[in-house]
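Side chains included, hydrogens not; waters and symmetry mates left out as well; all remaining heavy atoms used. In each ligand, atom 1 is the first atom listed, and ligand 1 is the first ligand listed. Since the model is a prediction, treat every value here as computed from it, not as a measurement.
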Amino acid sequence: MIAGSCHCGKVEFQISKEPQWLVSCNCSICRRVGALWAHLPADQVSVVAPKNGTIEYIQGDRMLAIHSCINCGCTTHWTSLSSEPAATMAVNFHMCDQADIAKFRVRRFDGADSWRFLDGESSEV
Ligand SMILES: [Zn+2]
């Protein structure tokens, strides 16, 4: 079990499955928020936040909503806007302890252009 929270602590998450790796993506939104994503099935993640405690930013192709704490502004997670119950979501590992971040390999993903990992390995996210 790994937990994370925004800076003020109003938005917290726990994951019950470890990610294979963490993803640093260079797309227009990820590079701006500086997120370090762990992608997981939505049923392996629990997010605890006050009602209306996050801003949901929905961009471009409207595939996902990026959540940030309404109080301290930290980007904590994104959720799929698909209706599939087992959809993937992601939490921002920069909300976790440094020791937890250090456990995982970080892979750079070229979300801005080729939609592939820049290490040349599998493009599966
Ligand atoms: Zn906060």
Tell me, with the steps shown, if R107 and D119 meet salt bridge (charged side-chain N to carboxylate O under 4.0 Å, His left out). CA-CA 7 Å; R107 298 184 71 189; D119 54 25; 2.7 Å; yes

So, 2.8 Å as the limit: is an N/O/S atom of C8 located closer than that to the Zn ion (ligand 1)?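 Yes, since at least one N, O or S atom of C8 sits under 2.8 Å from the Zn ion (ligand 1).
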
Got an N, O or S from H7 under 2.8 Å of the Zn ion (ligand 1)?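 No N, O or S atom of H7 is closer than 2.8 Å to the Zn ion (ligand 1), so no.
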
Please report the interatomic distance CH2(W78) to CD1(I29), rounded to the nearest 0.5 Å.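 Taking CH2 in W78 and CD1 in I29, the distance rounds to 13.0 Å.
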
To the nearest 0.5 Å, what is the distance between CH2 (W21) and CZ (F117)?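 The distance works out to 5.5 Å.
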
Electrostatic pair R62-E56, nearest N-O below 4.0 angstrom: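 The answer is no: the pair does not qualify as a salt bridge.
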
Degrees at the Zn ion (ligand 1) between the SG atom of C72 and the SG atom of C69, nearest 10°: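 With the Zn ion (ligand 1) as the vertex, SG (C72) and SG (C69) sit 110° apart.
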
